[in-house]
Engineer: 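My questions all concern the structure below.
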Amino acid sequence: MLVRPQERYQLDNNIPFSVLHHDNYKTIFEECDDKSKTLTLTADEFNQHIADGRMEPILREPTPRLFTDKQKSVRDKRVLYMEVLGELVSKHGLQPTTRESYERLIKEVERKHPELTRSNHPGKSTICRHWKAWVNHGYDKTQDYCLGEHNNVAACYKAYCDEINKHEKDLVMVSESTYRRRLKKFSAINDKLADPNLSQKERNQLMNKLTHAIKVEYAFQRVELDRLELNLCLIDDKTGEPTERVSIYLAIDCYSRCIIGCVVEIGQGENKESVVNLIQSIFTSDSNGCVGGKPYEIVMDNGPGFNNGLMNSLCTNLKTGFRYNPSNMPMRKPFVESINNTIKMCFLKGYKVPLADGSYVVGISGYLPKRTQQPENSSKNLKQVARVKKSDFYKHLNDYIIHYHNSVHSQTGEKPIERLQNSMIMSPSAAINFDKVQSQFHVFTSAKEYKLQSDGSINIFKHKYVGLKWLSNELGTYGLKDATPSVTVMYNPFDGRKVTVVAVHPKTGATLQEVAEIYSDEFKSPISVEELLGHEPKSVDLFALQLTTDDTVLAKRTIRKNRSGKPVRTYEDNNDKQLSTAERIAESHENQRNNKTYPARIAGVDNEPDKKDIAFDPNNTWDSENLWEDD
């Protein structure tokens with residue numbers, strides 16, 4: 001088993017141990033609080049402890065942000081406005097961004113906090129901006145939702161030294177000159193990647209340099225997440241109508257380069273629900289995907305779907321480290337950015353799509369490159385060029401990922417799937433059963449309270465959930481007038497088989513919670529809450545779909561007739577005439593003269609010609625300049 005460097009372990013009795021000695025036969029631990037106590041486990045015992053969950057690695061505590069007294073005062077003041085606005089939205093049903101809500105907010109703030117009466121209240125746009133950040137962080141007032149960037153290199157180096165001194169046994173501090181040199185080199189790559197004129201080949205070369213600079217030693221040590229928005233619309237299989245724009249969420253194991261999570265959403269902006277679905281797909285595994293595992297560290301950007309209070313709670317529950325990078329710096333996530341380019345070039349543009357008639361097309365029909373790169377496509381409507389059905393898109397994307405996993409990677413020299421599986425043999429601590437962490441995904445809270453029945457059940461999402469007998473007994477509902485106390489439900493929007501019910505003890509005031517399971521045997525695999533309610537989910541896990549093998553049929557585009565009702569001349573009709581270029585130009589001019597066009601009506605100017613003349617003389621024309629002559 002591969003013992004991770006700089007890592008401590010914790011037993012199920014919450015006693016921390018650090019590795020004192022490790023070889024292929026045994027591992028010796030010493031207790032962190034009492035160095036005189038040791039623990040010796042054989043290799044098989046160590047692996048069994050990890051697999052059973054009796055021992056797990058301890059993550060490094062993230063360094064908290066330090067604020068000055070002025071910064072704390074500004075943050076606390078913003079929290080007051082957000083809490084009052086939250087009450088107006090939840091209790092009175094007001095929209096948070098309207099002028100009426102803003103005026104009500106100012107009155108309520110002055111009534112509840114008289115000390116702010118004479119102060120300068122923030123403007124409406126400022127309140128809206130703070131509310132968006134407040135919502136993205138899960139309404140958590142302990143979170144700092146005003147992150148910024150630091151440009152003072154000397155101050156950053158001092159903070160770096162302070163952090164290294166806390167772990168002097170594990171890390172080696174570099175000099176300030178080395179720190180500045182590496183930072184300068186890193187910034188130079190960032191400036192090159194920000195150049196819009198940079199070719200795709202040069203961009204890939206820079207990404208390859210960054211991937212070689214980041215040292216990854218085992219599978220699931222570093223997992224990068226990102227969202228790829230496509231200029232692509234699909235055809236709905238049920239209605240036959242074009243869908244909205246498609247986006248793909250990807251999770252990449254940086255050691256093996258495997259795509260360990262793939263979620264597709266249609267017509268949605270970046271949202272935390274789809275990100276939770278992506279992380280869930282990392283922990284699950286089936287015959288259609290790779291190998292499920294527990295990431296040691298998750299790296300993602302600070303977009304609204306990733307950087308929020310719910311994501312922080314989820315990673316904390318899963319005991320997984322997480323790191324945020326600026327969304328406009330792809331160099332901070334070079335592995336997933338490289339996969340994004342591969343998806344664009346090799347799948348969307350270069351994938352060979354077989355058709356039902358035996359022919360094939362290269363690339364996904366209807367996909368257009370980014371408009372910033374192809375200005376000629378800016379006027380095209382994505383829905384008009386959509387020709388691929390959703391089911392076919394899912395099938396081809398899944399087939400391409402399987403092909404990618406079983407092809408030798410240019411940088412590692414190995415097949416991604418084989419590299420991942422071999423690493424899992426050496427480091428089984430990354431393997432995990434999703435059932436053991438299923439309740440840790442219950443980070444979403446229901447908007448309203450529900451009634452707990454005396455038989456230990458609750459009705460929610462149009463289904464009955466059971467297994468709450470203990471919670472019912474603890475609340476003391478028997479013999480009381482109110483035998484159905486109100487409880488709060490926490491759930492995972494993409495696995496409604498279980499929920500966590502939270503209640504407050506009527507006597508002690510302690511918080512009680514219990515996991516309830518759906519009263520049905522038909523759901524063997526995760527099913528979303530939207531599907532339980534009879535709706536389509538916001539996004540789908542590609543590896544969890546039951547994909548069909550039907551042949552691809554491209555939808556035919558319907559060409560709208562012109563307004564006159566006359567049939568439109570096709571390319572073949574024009575070629576049949578066998579006209580020269582000069583004859584085609586003359587015919588085009590003749591057609592324009594024969595069109596029944598009218599100039600725009602201008603207020604105060606009688607610029608409409610006699611309609612009778614036009615009706616009886618189709619060749620009638622007039623000089624538009626004469627309309628502006630004086631009488």
Engineer: Return the orientation label for the H121 and Y81 ring planes: parallel under 30°, perpendicular over 60°, tilted otherwise.
Structural biologist: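 Geometry flag for Y81 against H121: perpendicular rings.
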Engineer: Might you point out which heavy atoms bring R227 and Q268 nearest each other, and give the distance in Å?
Structural biologist: NH2-O, 3.1 Å
Engineer: Would you say the side chain of I259 lies within less than 4.5 Å of the side chain of Y400, judging by non-hydrogen atoms?
Structural biologist: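 No - every pair of side-chain heavy atoms lies 4.5 Å or more apart.
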Engineer: Around atom CD of E244, are there more than 12 heavy atoms of other residues, nucleotides or ligands at under 6.0 Å?
Structural biologist: no
Engineer: Is any side-chain heavy atom of K294 closer than 4.5 Å to one of K319?
Structural biologist: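 Result yes, sub-4.5 Å side-chain heavy-atom pair found.
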Engineer: Rounded at 0.5 Å granularity, tell me how far CG in L234 sits from OH in Y367.
Structural biologist: 13.0 Å
Engineer: Considering all heavy atoms of both residues, which atom of V275 and which atom of G305 are nearest to each other, and what is their separation?
Structural biologist: CG2-O, 3.3 Å
Engineer: Using a 4.5 Å cut-off on heavy atoms from C-beta on, say whether the side chain of Y324 contacts that of M311.
Structural biologist: yes
Engineer: Would R257 count as a cation-pi partner of F335, with NZ or CZ less than 6.0 Å from the six-membered ring centre and within 45° of the ring normal?
Structural biologist: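 Ring-cation test returns no.
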Engineer: Do Y351 and H396 have ring centroids that are under 6.0 Å from one another?
Structural biologist: yes
Engineer: Any side-chain donor-acceptor pair under 3.5 Å between D495 and Q280?
Structural biologist: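 No, no side-chain donor-acceptor contact under 3.5 Å.
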Engineer: Minimum heavy-atom separation for V264 to Y394, with atom names?
Structural biologist: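 In terms of heavy atoms, the two residues are closest at CG1-CE2, 3.7 Å.
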Engineer: Give the ring-plane orientation class for H409 versus Y404, where under 30° counts as parallel, over 60° as perpendicular and anything between as tilted.
Structural biologist: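 If you compare the ring of H409 with that of Y404, the planes turn out perpendicular.
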Engineer: Taking C-beta and beyond as the side chain, do I214 and P334 meet within less than 4.5 Å on heavy atoms?
Structural biologist: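 A side-chain contact exists here, since the closest heavy-atom pair is under 4.5 Å.
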Engineer: Could you measure the distance from the CG atom of L310 to the CG atom of N317? Nearest 0.5 Å is fine.
Structural biologist: 10.5 Å
Engineer: Could you state the interatomic distance from CG (L232) to CD1 (I364), rounded to the nearest 0.5 Å?
Structural biologist: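 It comes to 7.5 Å.
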Engineer: Kindly indicate, with the supporting measurements, whether the criterion side-chain contact (heavy atoms from CB on, under 4.5 Å) is fulfilled by Y249 and N277.
Structural biologist: CA-CA 9 Å; Y249 291 80; N277 193 13; over 6 Å; no
Engineer: Would you call F220 and I282 a side-chain contact if the rule is heavy atoms closer than 4.5 Å?
Structural biologist: yes
Engineer: Mind listing the closest non-hydrogen atom pair of A219 and S423 along with its distance?
Structural biologist: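 Shortest heavy-atom contact: N-OG, 2.8 Å.
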Engineer: Any side-chain heavy atom of W131 sitting closer than 4.5 Å to one from M82?
Structural biologist: yes
Engineer: Taking the side chain as everything from C-beta on, heavy atoms only, tell me whether E224 gets closer than 4.5 Å to D253.
Structural biologist: no
Engineer: Any side-chain heavy atom of I401 within less than 4.5 Å of one from L542?
Structural biologist: yes
Engineer: So, does H405 use its side chain to make a donor-acceptor pair with the main chain of C258 at under 3.5 Å?
Structural biologist: no
Engineer: Under 3.5 Å, is there a donor-acceptor pair between the E265 and N271 side chains?
Structural biologist: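 Indeed, the side chains of E265 and N271 share at least one donor-acceptor pair under 3.5 Å.
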Engineer: Under the side-chain contact (heavy atoms from CB on, under 4.5 Å) criterion, do L225 and V336 qualify, and how do the steps go?
Structural biologist: CA-CA 7 Å; L225 311 182; V336 71; over 6 Å; no
Engineer: Determine whether the aromatic ring centres of residues F441 and F434 are separated by less than 6.0 angstrom.
Structural biologist: yes
Engineer: Nearest 0.5 Å, what's the SG-CD distance between C315 and E297?
Structural biologist: 10.5 Å
